[in-house]
Peer 1: 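Here it is, the structure in full.
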There are 2 protein chains.
Amino acid sequence: MPRTRVDTRAEIRAVAAELFTRQGFEKTSLREVAERLGITKAALYYHFPSKADLMRGIVQPLVDEIEELLADREAADGADPRQFLADYFDVILRYRQVFELMIRDVAALAQLDLLHQMLAWRDRIYRMLVGPDASPAQIARATVAIGGLQDCALTEAAVDEFRDAALDAAYAALGR
Amino acid sequence: MPRTRVDTRAEIRAVAAELFTRQGFEKTSLREVAERLGITKAALYYHFPSKADLMRGIVQPLVDEIEELLADREAADGADPRQFLADYFDVILRYRQVFELMIRDVAALAQLDLLHQMLAWRDRIYRMLVGPDASPAQIARATVAIGGLQDCALTEAAVDEFRDAALDAAYAALGR
DNA sequence: GTCTATACGTTGATAGAC
DNA sequence: GTCTATCAACGTATAGAC
């Protein structure tokens, strides 16, 4: 007896995302995901060809948005670093849960050939913040700014005061 | 025929640490660790009662040092924030590989009942950097500083210029 | 689109010999 | 300390009915 579902794939992603975040990707079995939804393991395989594909389905929207943001700013050169920090921060805040999953389970991401892309992001971001020929010191400052913001995105306290102060701190770290 | 080993437990830890870091805790099997050492899986169990205990053995030295640093600074109140940032940074730099393992595989850490302790660290560090009654804005600044330094510790470029700039950036993020 | 049933490899872990 | 042999549990995945 099939259940009434508006969008089964979306529901699977939602449940899986929550379990993956709480217990980790590897420690969550497909049987567990299926039981939560009241379907069987085999039904999952109808919607997603593998566990990795399920993970990819969860993460892809965030990946696409970041890729879009980067391409956008690279096209318009002479971008404002302060504005970029704000935009980047807002993207990962909007995808807070998914972003937490990615950060908390980097090992799982590596299996999706996504790690390479993420490392490339870092270099592109550095280039935008401190230029293409940055010194180690400038790289360090950019790393503190971006890494600091990412850590802030993982905390719950998303009040405006918190967001603005985080951006101020990140910009201050750049030392401009 | 037993191999000549100075310290078998230490060698197991070293090999496991490298594999865990590269492939993730869950994706690394004990068989794989054993094969690298030229022994069998069963031999591993003589030295470590479980896979989780092996992980704990790898991580424990860093955990102990951070715990020690925090206790030390809490005893001497009125500690210098700048000095604390430097000391904390130096500890995680010294344990760079292990620290990377912990950060890259937070999901595995949760199984060791270590996540709780790490979250407690965060609060204790915030208290030292911005006081016990900090505003959300001050928490945000402390988060950028610490999160930024941790990200810096994960990169390879450990030249002095990089280290000093990272500390400057973290201190600037505090906004004092 | 979802189910039952099933297959197969791998894993963490144990027992007991040497 | 290390081995061989073995285990149950779990993972992914497929075939075929409805």
Side-chain angles (χ1 to χ4, degrees), chain A residues 1-59 101 104-105 107-114, chain B residues 1-60 101 105 107-114:
Chain A
M1 169 170 93
R3 306 300 171 81
T4 305
R5 292 194 196 283
V6 181
D7 186 346
T8 310
R9 279 178 61 94
E11 288 185 43
I12 293 173
R13 272 196 295 264
V15 169
E18 201 235 311
L19 290 175
F20 287 171
T21 307
R22 267 219 332 262
Q23 315 172 338
F25 177 69
E26 300 289 348
K27 271 296 173 189
T28 302
S29 68
L30 292 182
R31 181 183 48 74
E32 206 174 351
V33 176
E35 268 171 11
R36 276 278 190 111
L37 291 158
I39 62 179
T40 64
K41 234 179 9 168
L44 279 186
Y45 275 90
Y46 172 79
H47 295 282
F48 296 93
S50 76
K51 194 183 183 185
D53 274 278
L54 175 51
M55 178 72 157
R56 205 184 314 261
I58 294 168
V59 166
L101 169 59
R104 293 284 228 265
D105 229 325
L109 252 48
Q111 296 171 57
L112 307 183
D113 299 317
L114 225 64
Chain B
M1 165 172 94
R3 306 297 175 78
T4 305
R5 293 194 196 283
V6 181
D7 186 345
T8 311
R9 280 179 59 93
E11 288 186 42
I12 293 174
R13 272 194 295 263
V15 169
E18 201 234 312
L19 290 175
F20 287 170
T21 307
R22 265 217 336 261
Q23 315 173 337
F25 176 70
E26 299 288 347
K27 271 294 172 191
T28 303
S29 67
L30 293 181
R31 180 185 47 76
E32 204 175 351
V33 175
E35 267 171 13
R36 277 278 189 108
L37 290 158
I39 62 179
T40 62
K41 227 176 19 162
L44 281 187
Y45 276 89
Y46 173 80
H47 296 281
F48 295 93
S50 76
K51 194 185 182 186
D53 274 278
L54 175 51
M55 178 73 155
R56 205 184 314 260
I58 293 169
V59 166
Q60 199 63 47
L101 169 59
D105 229 328
L109 254 47
Q111 295 170 58
L112 308 183
D113 299 318
L114 225 66

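Keep in mind it's a predicted model, so treat the numbers as computed, not measured. In what follows, chains carry the letters A, B, and so on, assigned in the order in which the sequence lines appear, proteins first and then strands, with residues in each chain numbered from 1.
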Peer 1: Hey, does B:Thr28 reach any base, or is it just sugar-phosphate, or nothing, if we go heavy atoms under 4.0 Å?
Peer 2: sugar-phosphate
Peer 1: Any donor-acceptor pair under 3.5 Å between the side chain of B:Lys41 and the base of C:dT11?
Peer 2: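 For B:Lys41, whose side chain was compared with the base of C:dT11, there is no donor-acceptor pair (under 3.5 Å).
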Peer 1: Does A:Arg22 reach the side chain of A:Leu19, with side-chain heavy atoms less than 4.5 Å apart?
Peer 2: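 Yes. Closest side-chain heavy atoms under 4.5 Å.
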Peer 1: In whole Å, what is the span from the CG atom of B:Leu44 to the P atom of C:dT11?
Peer 2: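 In whole Å, C:dT11 P and B:Leu44 CG are 13 Å from each other.
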Peer 1: Measure from the side-chain heavy atoms of B:Tyr45 and tell me the nearest of C:dA13, D:dT12, D:dT2.
Peer 2: C:dA13
Peer 1: Would you mind telling me which of C:dG1, D:dT12, D:dC3 lies closest to the side-chain atoms of A:Tyr46?
Peer 2: C:dG1
Peer 1: Side chains of A:Lys51 and A:Gln111: does their closest heavy-atom pair fall under 4.5 Å?
Peer 2: no
Peer 1: For the side chain of B:Thr8, starting at C-beta, report the closest nucleotide among C:dA13, C:dT11, D:dT2.
Peer 2: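 The closest nucleotide is D:dT2.
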Peer 1: D:dC10 phosphate, OP1 or OP2: any side-chain N/O from A:Arg31 under 4.0 angstrom?
Peer 2: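 Negative; the distance criterion is not met.
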Peer 1: Would A:Phe20 and A:Asp105 count as a side-chain contact (heavy atoms from CB on, under 4.5 Å) if you check the C-alpha gap in whole Å, the side-chain angles of each, and the deciding distance to 0.1 Å?
Peer 2: CA-CA 9 Å; A:Phe20 287 171; A:Asp105 229 325; 5.9 Å; no
Peer 1: Would you mind telling me which of C:dG12, D:dT4, C:dT2 lies closest to the side-chain atoms of B:Lys51?
Peer 2: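 Shortest atom-to-atom distance from the side chain points to C:dG12.
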Peer 1: Provide, to the nearest angstrom, the distance between the CD atom belonging to A:Glu26 and the C1' atom belonging to D:dT12.
Peer 2: 12 Å
Peer 1: Between D:dA15, D:dT12, C:dT11, which nucleotide has the shortest distance from any of its atoms to the side chain of A:Ala42?
Peer 2: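 The answer is D:dA15.
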Peer 1: When you get a sec, tell me which of D:dT2, C:dT2, C:dG12 is the closest nucleotide to the side chain of B:Ala43?
Peer 2: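 That would be D:dT2.
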Peer 1: Using atom CD1 of A:Ile39 as one end and atom C1' of C:dA5 as the other, report the distance to the nearest whole Å.
Peer 2: 17 Å
Peer 1: Rounded to the nearest angstrom, tell me the gap between atom CG in B:Asp53 and atom C1' in C:dA13.
Peer 2: 13 Å
Peer 1: Quantified as the angle between the terminal helix axes (five pairs each), what is the overall bend of the helix from C:dG1-D:dC18 to C:dC18-D:dG1 to 10 degrees?
Peer 2: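 It comes to 10° between the two terminal axes.
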Peer 1: For a side-chain contact (heavy atoms from CB on, under 4.5 Å) check, start with the C-alpha distance between A:Ile12 and A:Thr8, then their side-chain angles and the critical distance, and finish with the verdict.
Peer 2: CA-CA 6 Å; A:Ile12 293 173; A:Thr8 310; 4.0 Å; yes
Peer 1: Any side-chain N or O of A:Ser29 under 4.0 Å from OP1/OP2 of D:dG11?
Peer 2: yes
Peer 1: Looking only at non-hydrogen atoms, find the nearest pair between B:Glu32 and B:Gln23 and report the distance.
Peer 2: OE2-NE2, 3.0 Å
Peer 1: Are any of the side-chain nitrogens in A:Glu35 or A:Arg31 under 4.0 Å away from the carboxylate oxygens of its partner?
Peer 2: yes
Peer 1: Nearest-Å distance, CD (A:Glu35) to P (D:dG11)?
Peer 2: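 Taking CD of A:Glu35 and P of D:dG11, I get 10 Å after rounding.
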Peer 1: How many whole angstroms separate atom CZ of A:Phe48 from atom P of D:dG11?
Peer 2: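 Atom CZ in A:Phe48 sits about 19 Å away from atom P in D:dG11.
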Peer 1: Given atom CG of B:Leu30 and atom C1' of C:dG12, what is their separation to the nearest angstrom?
Peer 2: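 For the pair B:Leu30 CG and C:dG12 C1', the rounded distance is 6 Å.
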Peer 1: Report the distance from atom CZ of B:Arg56 to atom CZ of B:Arg13, rounding to the nearest 0.5 Å.
Peer 2: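 That separation rounds to 13.5 Å.
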Peer 1: What's the separation between atom CZ in B:Phe48 and atom CG in B:Leu30, rounded to the nearest 0.5 Å?
Peer 2: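 So the CZ of B:Phe48 and the CG of B:Leu30 are separated by 11.0 Å.
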Peer 1: Take atom CG of B:Leu37 and atom C1' of D:dC3, then tell me their distance rounded to the nearest Å.
Peer 2: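 From B:Leu37 CG to D:dC3 C1': 15 Å.
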